[in-house]
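Working notes, structure below.
Since we're looking at a predicted model, the values are computed, not measured. Throughout, protein chains are lettered first and strands after them, A, B, ... in sequence-line order, and every chain is numbered starting at 1.
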Amino acid sequence: MSFKLRSVKVPANSASLEEARARVFDFFRTACRSIPQIMDIYNLQDVVTVSQLRSTIASEIHKNSSITNSKVIDLLLFKGMEELSNITEHAKQRHHVIGQYVVGQ
Amino acid sequence: MASVSASCLRFHPLLLHSNQPAQGSFKLVSVSWPKSWFPSLKATRFRVSCAAKPETVQKVCDIVRKQLVLSPETLLTPETKFSELGADSLDTVEIVMGLEEEFNISVEEDSSQNITTVKEAADLIEKLVQKKAEAGA
């Protein structure tokens with residue numbers, strides 16, 4: 001129920017870089033808090049640990065750290081949110097998740 | 001006169017138990033306050049003086065070390081700022097999330113903005129663990 005609410009949110013329109021930064025951290029926190037649920041859904045307990053997934057998410061965010069246009073950041077956040085909702089509502093399958101976020105980082 | 005000396009005596013066991021380095025300042029403060037305030041004083045002082053238990057600080061240090069991939073020789077005191085260790089803001093948020101997971105607590109948005117040193121993180125953790133224990137019990 002909480003995931004449906006997440007994806008329907010209106011795309012953010014950050015006024016400044018600071019606001020965009022705050023949104024990025026909120027997104028990161030939301031993602032980290034849903035990691036246990038993700039591990040449960042896809043049975044990843046033997047494959048990865050929570051901290052490994054957390055650092056994967058952090059590195060994905062870090063890849064785009066040089067961007068200064070707040071609108072671009074908003075769009076990236078929207079896509080990130082979309083991806084997170086897809087994963088948490090089991091729209092992906094185990095091999096997708098493992099291939100994209102566990103192996104080959 | 002007698003009451004003042006009694007209050008001084010009462011505080012010595014407290015100070016011995018908590019093993020705080022800055023005992024001189026506590027003694028100075030306690031003498032001037034009236035006797036009736038002592039019970040609440042004891043509770044608040046305990047919270048302030050034992051705000052960062054050594055094991056908590058140690059655990060926080062370990063998590064920080066692992067997160068920022070620090071070499072074992074890097075000096076890590078409770079006062080070190082995360083930015084000094086080469087962590088940017090995302091790393092700080094990640095460290096806070098790691099602490100959340102480790103101690104099974106939930107850090108609020110506003111509180112996590114102010115965490116810049118190891119000591120602040122440990123203090124916040126102590127406070128939240130205490131609150132959680134009170135709520136649970």
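Contacts of Ser65(A) with chain B are absent, with no heavy-atom separation under 4.5 Å from either backbone or side chain. Interface residue Glu94(B): backbone and side-chain heavy atoms are both found under 4.5 Å from chain A.
Residue-environment remark: CZ (Arg29(A)) exceeds the threshold of 12 foreign heavy atoms within 6.0 Å.
Contact record, Arg33(A) with Val107(B): NH2-O, 3.3 Å, taken as the closest heavy-atom pair.
Neither Ile61(A) nor Leu75(A) shares a network with the other; the hydrophobic side chains, linked directly or stepwise wherever heavy atoms of I, L, V, M, F, W or Y lie under 4.5 Å apart, form separate groups for each.
With chain A as partner, the option from Met97(B), Gln67(B), Glu100(B) having the largest number of non-hydrogen pairs under 4.5 angstrom is Met97(B).
The NZ atom of Lys66(B) sits 5.0 Å away from the OG atom of Ser51(A) when rounded to the nearest 0.5 Å. Within the model, atoms CG of Asp88(B) and NE2 of His62(A) stand 4.5 Å from one another, a figure rounded to the nearest 0.5 Å.
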